[in-house]
2 protein chains.
Amino acid sequence: MNRRSFLGALALTAFAKPAPRAVNGGRLREHLEGLSVFGRPAGGSFANGVSRIAYSDADVAGRKYVMQLMAAAGLDPRVDAAGNILARRAGTDPALAPVLFGSHIDSVPTGGNFDGDLGSLAAIEVVHTLQESGVATRRPLEVAIWANEEGFAYNNGLAGSRAAAGHLEPGELDQVWNGVKQGDAIRKIGGDPGRIADARRQPGSFRCYLELHIEQGGTLDQAGIPIGVVEGIVAIDRYDVEIRGFANHAGTTPMPERRDALLAASYLTVAVNEIVRRDAGRQVGTVGQLTVSPNAPNIVPGLVRLTIELRDLRSATIARLAEEIRSRAAEIAAQTKTAISIRPAAHHGEALAAPEVQESIEAACEKLGLRSRRLPSGAGHDAQMMAQLGPMGMIFVPSVAGISHSPDELSRWTDCTNGANVLLETVLAWAQRP
Amino acid sequence: MNRRSFLGALALTAFAKPAPRAVNGGRLREHLEGLSVFGRPAGGSFANGVSRIAYSDADVAGRKYVMQLMAAAGLDPRVDAAGNILARRAGTDPALAPVLFGSHIDSVPTGGNFDGDLGSLAAIEVVHTLQESGVATRRPLEVAIWANEEGFAYNNGLAGSRAAAGHLEPGELDQVWNGVKQGDAIRKIGGDPGRIADARRQPGSFRCYLELHIEQGGTLDQAGIPIGVVEGIVAIDRYDVEIRGFANHAGTTPMPERRDALLAASYLTVAVNEIVRRDAGRQVGTVGQLTVSPNAPNIVPGLVRLTIELRDLRSATIARLAEEIRSRAAEIAAQTKTAISIRPAAHHGEALAAPEVQESIEAACEKLGLRSRRLPSGAGHDAQMMAQLGPMGMIFVPSVAGISHSPDELSRWTDCTNGANVLLETVLAWAQRP
């Protein structure tokens with residue numbers, strides 16, 4: 001037993017024998033630390049984050065660890081055709097649809113140890129707690145660890161939950177991703193691309209879906225509120241913009257004769273920011289990717305490609321913002337003698353949390369004496385796919401300084417335990433519902 | 001004789017037997033077309049431009065062709081230690097310093113057939129014309145074809161004329177450039193890196209330096225004026241700018257909490273343009289290079305690196321502009337919660353044309369009945385190095401639509417002939433001066 005394990009055991013002892021309806025926070029922490037070694041940078045510690053890219057060897061090892069935790073919690077996990085890990089705990093009325101809850105354990109490259117991991121291990125901890133204290137539920141409970149949530153690009157992410165919702169795109173399994181064909185990658189984690197349709201769930205196949213997750217933004221942390229009740233996952237519109245000017249010698253081309261694509265791009269980037277910020281609300285707009293051609297200090301830029309991404313809980317809001325941006329872009333093109341084309345590249349509709357699920361999460365918070373606040377989720381989650389099949393709700397805990405997708409991603413252990421307890425209470429409430 | 005050569009011969013006949021004090025425009029065109037085949041894209045024509053990168057096989061072949069033209073004009077060319085091709089025609093008073101004139105024949109990748117080529121072949125044509133008509137001059141004449149004017153980056157260009165002016169930087173011959181050590185590249189074109197100092201010229205080693213060149217901007221073409229009298233070559237200041245914000249999730253980071261490096265860069269790019277354009281004058285300012293990190297559609301940019309380049313005939317003007325830009329950058333940094341560092345990366349002082357040389361060019365234009373206009377050269381030229389050793393002047397001819405460093409670079413044959421005749425008259429005027 002090394003020093004770390006010894007201290008871990010001490011902590012375990014301190015938190016042992018929890019009240020029947022509270023999770024074991026020490027054990028949850030121990031499991032999060034245990035999972036963090038799979039994909040940890042060489043020679044690093046928990047604080048150095050993780051690179052547990054979906055389908056990597058680290059992902060395979062992490063999934064094995066998680067299935068061991070499930071077994072220890074009395075579950076018998078199986079891997080579906082899409083590579084999702086699923087496990088059921090029987091209810092007293094086996095005819096009823098289960099309460100489904102979980103998250104994912106894959107990470108972005110150089111990510112943190114809370115995004116997905118917390119919701120996954122808290123789901124197992126909820127079952128472990130009930131198992132230990134011999135609590136039976138009316139409805140069955142089902143834990144889901146979704147495969148490949150992060151992806152490298154939006155369309156490649158949420159792969160497991162999209163398969164479950166019947167939203168795998170045609171030909172997606174043949175796409176080569178990170179050097180490997182998607183179908184082969186799914187096979188690597190125990191899935192079966194040949195019968196991928198078997199992974200599909202029917203609407204009504206669960207009573208409700210719940211997911212605990214870190215906020216990934218700084219709203220809760222700044223306000224000092226321990227629990228966020230998610231109103232929904234925002235709609236996202238992405239546009240690919242191409243600005244054509246004319247590349248010319250930066251020394252010999254007088255200012256009035258220039259058709260500077262980067263100048264036009266700069267006016268447009270400022271306009272996106274101003275238009276999005278003008279009205280109150282949680283809508284966001286981002287120019288995140290921009291490339292210049294020829295991109296030399298002494299050449300007036302002739303071509304710029306950039307992306308505009310708009311997010312809001314209401315699709316109508318971002319459609320209106322996009323219209324204003326288009327209209328401003330036309331003015332900028334005229335003023336800078338450039339041509340600006342704005343092409344829709346992706347649209348993802350909003351996924352609203354069911355009001356009754358939001359209310360039940362608030363009731364759990366009230367019972368536990370925890371303050372809560374409603375807020376949208378600006379990031380995508382597997383929950384948005386489940387929202388297409390049944391009532392969905394998400395529980396957020398604070399991210400320190402709002403940092404995520406980074407080794408600096410951090411949520412306090414107390415907040416993690418609180419979040420797991422809110423999950424436990426909400427699961428129990430729905431497990432008793434007709 | 002193919003069809004093209006036959007037509008060329010016809011043109012030659014039409015223009016044959018020029019008046020004693022006018023160049024042979026048909027021959028000049030024939031030579032420009034002859035030189036254009038060295039570095040021409042496979043299967044292309046004159047209109048497809050040229051890639052005659054310095055020290056390439058195409059450069060070596062083009063230099064050989066040019067030395068043949070020199071021999072045909074009665075010159076006996078030599079290659080100096082820096083790879084410059086130099087040839088003297090004796091004067092009646094051999095004790096006097098020569099009139100030096102020429103240009104370069106290397107090109108940028110996918111460049112045009114006039115930049116450098118015109119001034120080089122017109123210089124040879126001037127001597128050829130005098131030789132044919134048996135005109136003797138008091139001072140010797142010296143033609144220079146400078147090596148590696150273009151380079152790939154500013155510091156690597158003007159290599160031959162910088163060696164002549166004693167401005168090769170320490171260690172420059174050891175630098176690997178385009179996969180080849182600079183010293184070895186110079187050896188390839190007949191130079192001798194071991195005795196590079198021999199290429200250095202002393203101040204007063206020529207009476208004046210003259211260079212005919214295409215404008216590379218659109219001023220003369222737009223105004224319909226055939227000859228530009230260059231006031232000087234602009235000073236250039238380049239700054240490397242680094243903008244540090246904080247990379248964060250584009251969905252979960254509310255607008256007021258962002259520290260968006262690209263938004264700051266956009267404000268700065270607009271500010272550079274506005275500050276430079278505010279006052280009348282020919283000053284220019286360019287943000288030509290910009291890179292974003294992490295550069296993903298769904299991440300608020302955390303880091304932007306960009307270049308600011310300022311040019312004007314007066315160093316004092318660009319110093320004042322730089323101060324205004326710095327002051328505006330500080331405001332932008334505060335407003336966007338970013339850190340902006342502006343580091344001077346390069347400074348090249350202005351090289352003014354001697355007033356008496358400008359006047360003599362104007363006198364030549366008047367004699368030939370050609371309208372002229374004074375203007376700065378926004379581009380760098382070998383002439384700026386020669387200006388450090390003696391009186392310098394440059395003659396510009398119009399670039400159609402101001403296009404240069406492109407296969408579309410074009411100067412009308414009439415304008416080329418006019419420019420060569422102005423060069424001839426100016427050379428003769430200075431060759432008679434005490």
Side-chain angles (χ1 to χ4, degrees), chain A residues 153-154 215-219 222 234 236 238 247-258 260 262-263 265-270 273 276-277 282-292 294-301 307-309 311 345-346 377-380 399 402-406, chain B residues 153-154 215-219 222 234 236 238 246-258 260 262-263 265-270 273 276-277 282-292 294-301 307-309 311 345 377-380 399 402-406:
Chain A
Y154 192 88
E215 183 196 342
Q216 303 185 271
T219 307
Q222 245 180 6
V234 297
I236 305 181
R238 210 187 80 207
N248 220 329
H249 196 296
T252 60
T253 315
M255 301 304 284
E257 282 159 42
R258 295 181 174 207
D260 183 337
L262 181 55
L263 179 65
S266 299
Y267 279 118
L268 184 59
T269 300
V270 168
N273 192 268
V276 168
R277 297 184 71 161
R282 282 291 301 248
Q283 67 281 358
V284 292
T286 308
V287 177
Q289 193 171 58
L290 184 148
T291 55
V292 181
N295 209 31
N298 57 355
I299 303 181
V300 177
T307 57
I308 299 175
E309 201 207 64
R311 302 192 189 209
S377 169
S399 293
I403 298 168
S404 183
H405 283 193
S406 155
Chain B
Y154 191 86
E215 182 196 344
Q216 302 186 272
T219 307
Q222 244 180 6
V234 297
I236 305 181
R238 210 188 79 208
F246 192 82
N248 220 329
H249 195 296
T252 61
T253 314
M255 300 305 284
E257 282 158 43
R258 296 183 173 204
D260 184 336
L262 181 55
L263 179 66
S266 299
Y267 279 118
L268 185 59
T269 301
V270 168
N273 192 267
V276 168
R277 297 184 73 162
R282 282 290 301 249
Q283 67 281 358
V284 292
T286 307
V287 176
Q289 195 171 57
L290 184 147
T291 55
V292 181
N295 208 32
N298 56 355
I299 303 181
V300 178
T307 57
I308 299 175
E309 201 207 62
R311 303 191 187 209
S377 170
S399 293
I403 298 168
S404 183
H405 282 193
S406 155

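So that the names make sense, note that chain A is the first sequence line, chain B the second, and so on, each numbered from 1.
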Handout entry: Pairs of heavy atoms under 4.5 Å with chain B: top-ranked of A:Gly217, A:Pro297, A:Ser399
Key = A:Pro297
Practice task
Could you tell me the separation between the OG atom of B:Ser377 and the CZ atom of B:Arg311, rounded to the nearest 0.5 Å?
Solution key: 8.5 Å
Practice task
With a 4.5 angstrom heavy-atom cut-off, could you sort out which part of A:Pro294 is near chain B: side chain, backbone, both or neither?
Solution key: neither
Handout entry: Minimal non-hydrogen separation, B:Glu309 against A:Ala250, with atom names
Key = OE1-CB, 3.8 Å
Practice task
Decide yes or no on side-chain contact (heavy atoms from CB on, under 4.5 Å) for A:Asn248 and A:Arg258, but give the supporting numbers first.
Solution key: CA-CA 8 Å; A:Asn248 220 329; A:Arg258 295 181 174 207; over 6 Å; no
Practice task
Measure distances from A:Ala296 to the heavy atoms of chain B and classify the residue's part below 4.5 Å as side chain, backbone, both or neither.
Solution key: backbone
Handout entry: Pick from A:Val287, A:Val292, A:Val270, A:Thr219 with the largest number of heavy-atom pairs that fall under 4.5 Å of chain B
Key = A:Val270
Problem - Which atoms of A:Thr269 approach chain B - backbone, side chain, both or neither, heavy atom under 4.5 Å - result: both
Completion exercise
In terms of heavy-atom pairs under 4.5 Å with chain B, the winner among A:Thr307, A:Val234, A:Thr286 is A:Thr286
Completion exercise
Comparing A:Asp260, A:Leu290, A:Leu268, A:Val276 against chain B, the one with the most heavy-atom pairs below 4.5 Å turns out to be A:Leu290
Handout entry: Proximal component of A:Gln283, with respect to chain B [non-hydrogen, under 4.5 Å]
Key = backbone
Problem - For chain B, the option from A:Arg282, A:Glu215, A:Gln222, A:His405 that forms the most heavy-atom pairs under 4.5 Å - result: A:Gln222
Exercise for the section: Select one option (side chain, backbone, both, neither) describing which atoms of A:Gln216 are under 4.5 Å from chain B's heavy atoms. Expected result: both
Practice task
With rounding to the nearest 0.5 Å, note down the distance linking CD in A:Gln289 to CZ in A:Arg238.
Solution key: 7.0 Å
Exercise for the section: Flag the one option from B:Ala265, B:Ser404, B:Pro301 with the top tally of heavy-atom pairs under 4.5 Å to chain A. Expected result: B:Pro301
Practice task
For each of B:Asn295, B:Leu262, B:Val284, tally heavy-atom pairs with chain A at distances under 4.5 Å, and name the one with the top tally.
Solution key: B:Asn295
Practice task
Under 4.5 Å, counting heavy-atom pairs only, tell me which of A:Thr253, A:Thr291, A:Ile299, A:Asn273 racks up the most with chain B.
Solution key: A:Asn273
